[in-house]
Amino acid sequence: MPEKNIMNSIGGSVERAVKGEYSIDVKAILTEAWQLTLKSRMSINLALFLVLIFGMIVSFIASSFFGGIEEVFQDAQAEGSQALQLINVIVTMAVWPFIAGIEMMGVYHAVNKPTNFKMVLSFLHRGSWVALCALLTSILISIGFQLLIIPGVLLAVMLSLTIPLVVEKKLTPVQAIILSVKALRFKVMPLLGIYLVLSMSLIALIVPIILLVESSLAPIAIMVFLFGLSYLAPWYYNVKGVLYREIFGVFSDENTPALDLTNPTNKDAGQNGSDDTFSA
């Protein structure tokens with residue numbers, strides 16, 4: 001007889017999330033995500049590298065229609081130029097369907113599932129919705145920052161989990177935005193604390209480059225930055241994965257092998273995590 005798939009719900013739920021019936025322990029979430037990062041950062045780093053290369057190619061191609069990158073930046077300084085804004089929209093629409101795979105790596109890690117850098121291709125069937133959601137959230141956040149800095153920061157926090165909702169819960173962009181705001185508004189301060197720690201960590205990596213940019217130690221500062229970023233970037237996505245699990249919950253196929261976080265020889269980049277084993 002064929003093996004029957006058993007779906008279990010891990011973590012919170014949408015029903016409890018919209019009522020604010022969940023808790024966020026800042027230290028516990030950061031600690032768990034860090035432990036996940038120590039065991040599973042390679043797949044995310046490889047995926048980020050591929051997306052970065054793809055984004056650069058898209059930027060180069062898009063800018064070539066406006067006379068090249070240098071011409072675009074020169075025009076950006078001129079009043080009324082919209083070439084740079086248009087290129088940003090194009091790049092956002094192009095890369096976010098792939099970044100969605102990286103966001104889901106964090107969700108997979110949060111429920112002890114294996115990942116592979118090829119997961120950047122695993123959710124392209126939701127690519128149009130992801131791209132639209134990314135565009136809408138970026139517009140809303142930009143409007144918030146233009147009005148006042150604080151509304152922009154609050155919107156950035158409350159909209160930070162919209163992409164996994166579009167992918168894992170299969171919501172439309174508008175549904176994901178509304179649900180994310182409804183749920184995350186209850187825990188804005190703890191969420192701000194978490195993202196503040198991540199932001200301060202990034203600043204700590206950038207400061208040495210700023211201080212040493214004109215000295216002979218600049219290459220060392222850059223190397224330290226890249227090394228630190230190889231931990232910080234996966235940590236960021238794993239934090240979001242743990243938050244998503246705790247707030248909205250994740251449906252997981254019980255038959256999918258778990259990621260062994262106790263085995264120091266585990267290499268998640270060599271495991272097959274491309275299949276979408278999650279469903280709404």
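All of these numbers come straight from a predicted model, not from anything done at the bench. In what follows, residues are counted from 1 in the order of the sequence shown. These values consider heavy atoms only, across backbone and side chains, with no hydrogens, waters or symmetry-generated copies.
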Under a 4.5 Å cut-off applied to non-hydrogen side-chain atoms, are F248 and P164 in contact? no

Does any part of the side chain of L36, heavy atoms only, come nearer than 4.5 Å to the side chain of V242, both counted from C-beta? yes

Side-chain heavy atoms nearer than 4.5 Å, only ILVMFWY residues, links allowed to pass through others: does that put I149 and L202 together? yes

Hydrophobic cluster of M93, others only, ordered by chain and residue number, side-chain cut-off 4.5 Å: V89, L135, I139, I143, L147

Do any N or O atoms from the side chain of R245 and from the backbone of I10 form a donor-acceptor pair under 3.5 angstrom? no

So L30 and W235, do their side chains get closer than 4.5 Å, heavy atoms only? yes

Is there a side-chain contact between I194 and I24, using heavy atoms and a 4.5 Å cut-off? yes

T37 and N238: side chain to side chain donor-acceptor pair (under 3.5 Å), yes or no, with the steps? CA-CA 7 Å; T37 299; N238 284 327; 2.9 Å; yes

As a quick check of understanding, evaluate side chain to side chain contact (heavy atoms under 4.5 Å, CB included) for F54 and V120, giving each step before the final call. CA-CA 11 Å; F54 177 69; V120 295; over 6 Å; no

Going by distance alone, is a donor N or O of one side chain under 3.5 Å from an acceptor N or O of the other, for E168 and Y244? yes

P190 and V26 have their tightest heavy-atom pair at O-CG2, 3.6 Å

Please list all pairs passing the side-chain hydrogen bond (donor to acceptor under 3.5 Å, both in side chains) test where one or both residues lie in residues 174-195, with sequence neighbours left out. S160-Y195, T172-Q175

What are the two closest heavy atoms between L136 and P173, and how far apart are they? CD1-CB, 4.0 Å

How close do I163 and A134 get, heavy atom to heavy atom, and via which atoms? CD1-N, 4.2 Å

Under 4.5 Å between any side-chain heavy atoms of F123 and H125, yes or no? yes

Set out, in order, the CA-CA distance, both residues' side-chain angles and the distance that settles side chain to side chain contact (heavy atoms under 4.5 Å, CB included) for W34 and Y231, then state yes or no. CA-CA 9 Å; W34 179 251; Y231 283 88; 3.9 Å; yes

Could you check if a side-chain atom of L50 sits within less than 4.5 angstrom of a side-chain atom of F98, using non-hydrogen atoms only? no

From T162 OG1 over to L179 CG, what is the distance, rounded to the nearest 0.5 angstrom? 10.5 Å

If you round to the nearest 0.5 Å, how far is CD1 of I29 from CG of L191? 7.5 Å

Where is the tightest heavy-atom contact between A17 and Y22, given as atom of each residue plus distance? O-CE2, 3.6 Å

Please round to the nearest 0.5 Å and tell me the distance separating atom CG of L154 and atom CG of L184. 11.5 Å

Are V213 and I210 connected, step by step, through hydrophobic side chains (Ile, Leu, Val, Met, Phe, Trp, Tyr) whose heavy atoms are closer than 4.5 Å? no

Show, in sequence, the C-alpha distance, side-chain angles and deciding distance for V14 and K169, and conclude whether the side chain to side chain contact (heavy atoms under 4.5 Å, CB included) test is met. CA-CA 9 Å; V14 171; K169 294 292 187 289; 3.7 Å; yes

Assigning hydrophobic clusters by single linkage (Ile, Leu, Val, Met, Phe, Trp, Tyr; side-chain heavy-atom cutoff under 4.5 Å), is L148 placed with V153? no

Would you compute the distance between atom CG of L229 and atom CG of N45 and round it to the nearest 0.5 angstrom? 8.0 Å

Could you check if a side-chain atom of H109 sits within less than 4.5 angstrom of a side-chain atom of S43, using non-hydrogen atoms only? yes

Using 0.5 Å steps for rounding, measure from the OG atom of S128 to the CH2 atom of W96. 15.5 Å

Are Y236 and L196 linked, directly or through intermediate hydrophobic residues, by side-chain heavy-atom contacts shorter than 4.5 Å (ILVMFWY only)? no

Rounded distance (nearest 0.5 Å) linking atom CZ of F117 with atom CE of M42: 11.5 Å

Side-chain heavy atoms nearer than 4.5 Å, only ILVMFWY residues, links allowed to pass through others: does that put V174 and I141 together? no

Nearest heavy-atom contact between N116 and K118 is OD1-N, 2.8 Å

Validation row: L212, I222 side chains within 4.5 angstrom (heavy atoms): no

Determine the minimum heavy-atom distance between I44 and M105, stating which atoms define it. CG1-SD, 3.7 Å

For atom CD1 of I150, is the number of surrounding heavy atoms from other residues, nucleotides or ligands below 6.0 Å larger than 12? no

